[in-house]
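Heads up: the structure comes next, in structure tokens.
Indexing begins at 1, ligand by ligand and atom by atom, following the structure's order. The first residue of the sequence shown is numbered 1, and numbering continues consecutively from there.
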Amino acid sequence: MAIPGPDGSTVQPIVLGGQSTYARLVSFVAGDVLSDSRYLAPEIVAALGDLAARTSRALTGLAGQVPTRSLQWDLRNAAEVVTRLADFVTVPGGREAVLAAARTAARALAPYAGSLPLQVIHGDLTDDNVIAAVDDDGRRRPVGVIDFGDLAESWSIAELAVTCTSLLAHSPDPATMLPAIVAYDGIRPISDDELAALGPLVVLRAAALAVSGQQQAQVDPTNHYATENLAREWAIFERATSVPLEVLTELIRASVRPRREHRTAHGSALLWIDQPVVPTALDLSATSPELHDGYFLVDDAEATAAAAAIKRDGSAAVSVPYVQPRLTRTGLNSFEAPASIGLGVEVFAGQDLELRAPWSGVAARYDDAVALKSPEGLTLWLSGATASVEGAVDTGDILGRLAAHDSLRVQVSDLDSRPPFFVSASLAAAWGESCPDPTGLIDPAAVRTAPTGAEELLDRRDRAFAPVQEHYFRQPPQIERGWRSHLFDTDGRSYLDMVNNVSILGHGHPRLAAAIERQWRLLNTNSRFHYGAVVEFSERLAALLPEPLDTVFLVNSGTEAVDLALRLAWANTGRRDIVSVREAYHGWSDATDAVSTSVADNPNALESRPSWAHTVAAPNAYRGQYRGADAYRYAEDAVAAVNNLTAQGHPPAAFLSESFYGNAGGMALPDGYLPTVYAAVRRAGGLCIADEVQVGYGRLGHHFWGFEQQNAVPDIVTVAKAMGNGHPLGAVITTAAIAAGYRSQGYFFSSAGGSPVSCVAGTVVLDVLRDEQLQENARVVGGHLRTRLLELAERHPIIGAVHGMGLYVGVELVRDRTTLEPATAETAAICERMRELGVIMQPTSDRLCVLKIKPPLGIGTADADFFADALDRVLTEGW
Ligand code: PMP
């Protein structure tokens with residue numbers, strides 16, 4: 001045989017082990033097969049689609065050069081392969097399942113089979129044949145393709161079908177494959193016929209894989225590759241057929257050709273009491289006022305909300321709109337998104353109702369439903385009704401009854417099998433094409449306005465709201481409700497909020513909401529008036545601080561508090577110079593920005609400082625200049641810096657620092673740091689400002705204030721964030737003498753600072769903190785969380801350290817535990833994956849390589865465990 005070489009000359013065989021053989025040299029691509037990654041991020045899935053499209057394009061040049069051969073893996077033969085090998089399937093019911101799936105798919109494919117474009121394809125472009133290498137963010141990305149053994153002519157689109165099918169090994173959700181399809185289409189546009197064929201081809205490929213694997217395993221039990229793959233291949237088949245083919249096809253189609261309109265069903269009125277009954281709407285969405293105060297989590301929440309609405313409005317019935325995502329279907333601490341979307345209208349009856357046929361057809365009775373099939377093939381499913389007929393029915397005939405207090409699920413479908421009523425958001429639109437909107441049968445006048453999607457809202461946000469005010473996550477979920485330690489998006493997905501240091505009481509606290517509402521109705525004005533709330537709150541705040549800190553200023557934010565603290569220092573000392581700690585953030589106003597040197601917040605922070613702002617090293621005992629036992633030297637250097645300024649004739653007006661090092665992820669300052677530095681500053685005649693905006697107010701569990709951990713007492717304390725639980729509130733607490741020093745500047749007034757509403761908010765936060773023992777909870781649950789995280793650190797080398805105290809914790813991620821190279825890109829990617837698993841997490845520190853763990857102080861042990869389990873899963877499966 002003569003084989004042409006790349007230069008056209010004939011390649012000669014070589015002799016290996018006495019045998020004449022052809023050797024081929026290929027360039028080496030470093031990496032492992034992509035199937036080693038258990039989790040594939042949407043970006044990686046897209047990269048696979050991209051690879052499939054580019055491979056297709058590259059192989060078009062081989063037209064006519066590859067011999068025609070009939071391969072088992074050619075999807076043109078798949079239906080025949082499945083029929084031939086189905087008997088090898090040993091899974092109970094499996095033989096029938098593969099045969100039925102292949103038959104349905106072949107039927108759906110038939111109209112296109114003769115006209116789909118053909119070309120030479122790789123034919124086995126799966127995760128097993130794609131080489132992946134670790135990229136900067138720790139994700140394994142496709143870098144090469146191997147195994148051209150199945151190279152042959154086939155349908156072009158079969159290349160993508162094979163790739164998509166292999167993706168189902170990584171996730172049970174068929175929507176997982178969509179980024180690959182979108183990416184493929186972007187490079188090699190998919191025709192309408194190919195789009196229609198893709199779903200059937202995925203099913204055929206999955207069925208062919210399943211039967212071939214079973215056959216191989218039986219024919220050759222020593223073929224470990226085949227036996228080990230059986231479960232995986234069967235899972236792929238089950239996932240490919242987990243939705244009807246019509247739904248799979250629509251899912252694929254809509255990913256590249258989104259629909260604007262949704263299908264609706266029409267007919268005469270279904271619900272009657274002498275005359276048609278039109279129910280009033282029952283809102284069970286994330287924003288429903290019926291579901292405040294965690295009402296959506298109680299048993300029977302939907303029926304209870306319906307009964308309350310019926311009683312309040314005196315209506316004969318209420319109904320939950322078609323495909324409204326229901327908050328009542330959410331699950332807390334769940335890795336999976338809930339099946340929250342009803343593919344029909346649910347009616348809750350306040351009185352006995354008659355159900356009349358909206359069209360003529362044939363009625364059938366089920367244990368829990370009546371089905372009425374129209375001559376056009378549309379079936380009306382009434383779940384929960386008592387059926388009274390069977391057989392032929394005319395429009396307007398009584399089909400059954402709905403008793404008062406019962407509920408009825410009204411669903412219309414043109415599928416052969418009974419559809420589920422609830423599905424997850426990722427599949428809802430695709431299901432909707434097979435389950436049209438039945439609202440017209442219940443309320444002919446209803447106008448359905450499609451809600452704005454999260455992505456569309458984000459576009460509007462970017463246009464109206466200065467984008468320099470960034471948002472979390474690349475594709476942020478639209479969060480519209482919070483309850484305790486959880487946040488909920490508009491699809492009803494719950495997220496454990498592990499980042500929200502402001503909401504110490506948790507979200508939606510009824511006591512706080514009620515108190516604020518009450519005060520709004522009574523009075524809201526400014527502190528130049530004389531009223532009780534400002535006095536009570538100021539006394540309560542002052543009582544939390546050690547002597548001689550007894551005098552309070554009220555403002556609206558941390559920035560204002562720190563700004564005011566600086567002005568107090570300037571006014572009292574008549575000096576300008578301020579010493580602050582590097583890598584910290586204190587606010588965005590001119591003055592607070594000048595003393596903020598965190599490059600994560602402002603990349604030019606260090607260069608843009610005015611001459612009065614001086615910094616000392618961030619006392620980071622983990623990765624700074626002085627580590628471990630040497631960390632005491634940070635205080636010595638800070639003292640030297642203060643003395644130096646004095647020697648140069650610029651003694652500082654103040655030293656400003658967080659009292660627990662927040663930006664590093666909640667790291668304690670080195671022992672003795674504050675007492676030593678404060679003493680030096682006071683010797684120089686300066687004041688000591690403790691910024692407690694982030695770390696104070698009980699979060700540390702063992703201490704209410706960060707400076708207590710240091711056994712130091714500052715001259716001025718700044719507070720914000722937690723003190724209003726999200727209501728804009730800030731305070732400066734100092735001595736009466738320092739407060740009086742402000743007089744040299746005039747007088748102090750902040751229009752909303754100290755308003756009755758703000759003061760009531762602040763007072764209730766303190767009440768709840770005390771009554772619910774939240775500081776103690778932070779100590780106990782924080783201790784548990786720390787134990788769990790330290791255990792993870794033993795198994796996952798990327799965890800360099802677990803910083804923090806109480807519920808201010810930082811997990812620092814490094815590429816190397818010796819060099820401490822920050823795992824910055826990995827941390828961002830890990831946070832994205834944590835969100836998919838139902839946890840809100842964000843990076844912090846100047847290197848953005850620390851997981852910033854600062855949940856509401858009321859989280860339970862189960863929440864802490866869920867967080868640790870999610871992190872464990874991400875670090876184990878990849879991100
Ligand atoms: N000081 C510290 C330590 C902070 O963390 C922040 C906010 N991140 C501020 C001050 C500024 O607070 P605010 O955003 O309320 O203005």
Problem - Under 4.0 Å to a heavy atom of Ser557 - the qualifying atoms of ligand 1, by number - result: 15 (O), 16 (O)

Exercise for the section: Would you please classify the geometry between the Phe655 ring and the Tyr678 ring as parallel, tilted or perpendicular, with 30° and 60° separating the classes? Expected result: perpendicular

Handout entry: SB check Arg511 Asp771 (cutoff 4.0 Å)
Key = yes

Handout entry: Nearest neighbour in protein (non-hydrogen) for atom 5 (O) of ligand 1
Key = Gln694 NE2, 2.7 Å

Exercise for the section: For residues Thr646 and Ala684, report the shortest heavy-atom separation together with the two atoms involved. Expected result: OG1-CB, 3.6 Å

Exercise for the section: Please confirm whether Arg699 makes a cation-pi placement over Tyr697, using NZ or CZ under 6.0 Å from the six-membered ring centre and within 45° of the ring normal. Expected result: no

Handout entry: Within 6.0 angstrom of Asp137 CG, more than 12 heavy atoms from elsewhere
Key = yes

Problem - Top protein contact for atom 1 (N) of ligand 1, by heavy-atom distance - result: Asp691 OD2, 2.7 Å

Practice task
Within a distance under 4.0 Å of any heavy atom of Gly558, pick out the atoms of ligand 1 and give their elements.
Solution key: 11 (C), 12 (O), 13 (P), 15 (O), 16 (O)

Completion exercise
Which of Val809, Ile853, Ile859 passes side-chain contact (heavy atoms from CB on, under 4.5 Å) with Phe867? It is Ile853

Practice task
May I ask you to list the atoms of ligand 1 that are less than 4.0 angstrom from any heavy atom of Thr559?
Solution key: 11 (C), 12 (O), 13 (P), 16 (O)

Practice task
Considering only non-hydrogen protein atoms, determine which one is nearest to atom 2 (C) of ligand 1 and report residue, atom name and distance to 0.1 Å.
Solution key: Tyr585 O, 3.2 Å

Practice task
Below 4.0 angstrom from a heavy atom of Glu658, which ligand 1 atoms are there? Numbered from 1 as shown, please.
Solution key: 3 (C)

Exercise for the section: Please state which part of Lys721 comes within less than 4.0 Å of ligand 1, counting heavy atoms only: side chain, backbone, both or neither. Expected result: side chain

Practice task
Answer yes when Asp846 and Arg582 have at least one side-chain N-carboxylate O distance shorter than 4.0 Å, and no when they do not.
Solution key: no

Exercise for the section: For atom 10 (C) of ligand 1, grab the closest protein heavy atom and report residue, atom and distance to one decimal in Å. Expected result: His586 O, 3.2 Å

